Amino acid sequence: MPELPEVETTLRGIEPAIALQVISGITVRQGSLRWPVTEGLAQIVEGQRVTQVRRRAKYLIINLEHGSMLIHLGMSGSLRLVQPDAELRKHDHIEMRMGNGAILRYHDPRRFGCWLWSESDHHQLSRLGPEPLSDDFGIKRLYELSRKRKIAVKPFIMDNNTVVGVGNIYASEALFRSGIRPDRAAGDISLKLYTVLTGHIKEVLAAAIVQGGTTLRDFVNGNGEPGYFQQTLAVYGRGGKLCTGCEGVLKEIKLGQRSSVFCPRCQR
DNA sequence: CTTTCAGCCTGACGGC
DNA sequence: TGCCGTCAGGCTGAAA
């Protein structure tokens, strides 16, 4: 499932092919996504030049001359460059063709993603916390935001107001590396431990980007290739298996409706 | 204010 | 083999 490293990997894969190109056409085959694809998208953007392609949180933003497209890969989405003769697959919902011949296909079986146009700001981007890999996400943020909070630390760091882009996989891994139980109350954790956790959040995300992201079922980058970070996962998806750091068995619980795996011995 | 939870959706998987 | 129920999960908005 695409989290921040997977979206960043996608961005790096598609950016060279579409940056500064003119959109020659868009075909929407299935417009019923998380939110309906903007009505008349093709007519609006055709002929416009891509001025910039960037990422904010788990969103991809394609800036055009008169506005921007906001793309989210949801749970099962991928965006890849294909050859003109590439066979159309089931769930290939949107196709964007560029003046240089590049073709970008949006594929999303579960349709939790989105592809929206706006002439001005996208409301989805307001009220987002800092980027985890930027200096805006410093060592005091988690500590200060968490005081008197009773919410468990795992959903706390997965909250987009706290810091963006930390999904279930990387929250689980960062907590394991930090030796913190995911169900501890956020407000009870010391500044010292939050300093450690902040470092591990940055570290695990950066490492995953280097590996091209995590491919669990179907994630592929802009060129159709899988990521390799799944080989590094210590706890995510490993409930009931042996801890990589001790002899213990990993435990699985539910926190905020999400499965959470941790080692009861290594994480306290 | 904080916290919880339903709902959106398809495919994989387990039980029978 | 095939049917059916359950689960996975990012995000939003409403309820508690």
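The figures that follow rest on heavy atoms only: side chains count, while hydrogens, waters and symmetry mates do not. Since the model is a prediction, treat every value here as computed from it, not as a measurement. Reminder, nothing fancy here: chain letters follow the sequence lines and each chain counts from 1.
OP1 and OP2 of C:dG10 both lie 4.0 Å or more from every side-chain N or O belonging to A:His72. For C:dG9, the OP1/OP2 oxygens have no side-chain nitrogen or oxygen of A:Lys58 closer than 4.0 Å. Side-chain nitrogen and oxygen atoms of A:Lys90 include none within less than 4.0 Å of the OP1 or OP2 phosphate oxygen of B:dT10. Residue A:Arg149 has a polar side-chain atom (N or O) positioned under 4.0 Å from OP1 or OP2 of B:dT3. In this structure, A:His91 does not reach the B:dC9 phosphate: none of its side-chain N or O atoms is under 4.0 Å from OP1 or OP2. Contact check, A:Arg110 against C:dG10: no side-chain N or O comes under 4.0 Å of OP1 or OP2. Remark: A:Tyr236 is in phosphate contact with C:dG9, judged by side-chain N or O atoms under 4.0 Å from OP1 or OP2. A close approach under 4.0 Å does not occur between any side-chain nitrogen or oxygen of A:Asn160 and OP1 or OP2 of C:dG10.
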Go through it in stages, so that I can follow the logic: the residues are A:Tyr236 and A:Phe229, the test is ring pair (Phe, Tyr, Trp, His ring centres under 6.0 Å), and I'd like the CA-CA distance, side-chain angles, deciding distance and then a yes or no. CA-CA 11 Å; A:Tyr236 180 84; A:Phe229 194 74; over 10 Å; no

Could you give me the CA-CA distance, side-chain angles and deciding distance for A:His72 and A:Lys58, then say whether side chain to side chain contact (heavy atoms under 4.5 Å, CB included) is met? CA-CA 7 Å; A:His72 199 290; A:Lys58 298 174 190 170; 3.7 Å; yes

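Around CZ of A:Arg127, the count of heavy atoms belonging to other residues, nucleotides or ligands within 6.0 Å does not exceed 12.
Atoms NZ (A:Lys154) and P (B:dT4) sit 13 Å apart, rounded to a whole Å. Regarding A:Arg127, its CZ atom lies at a distance of 15 Å from the P atom of C:dC11, rounded to whole Å.
Nearest-nucleotide assignment on DNA chain B puts the 5′-proximal partner with A:Ile151, out of A:Gln257 and A:Ile151.
Here the closest heavy-atom approach between residue A:Ile157 and residue A:Val163 is recorded as O-CG1, 3.6 Å.
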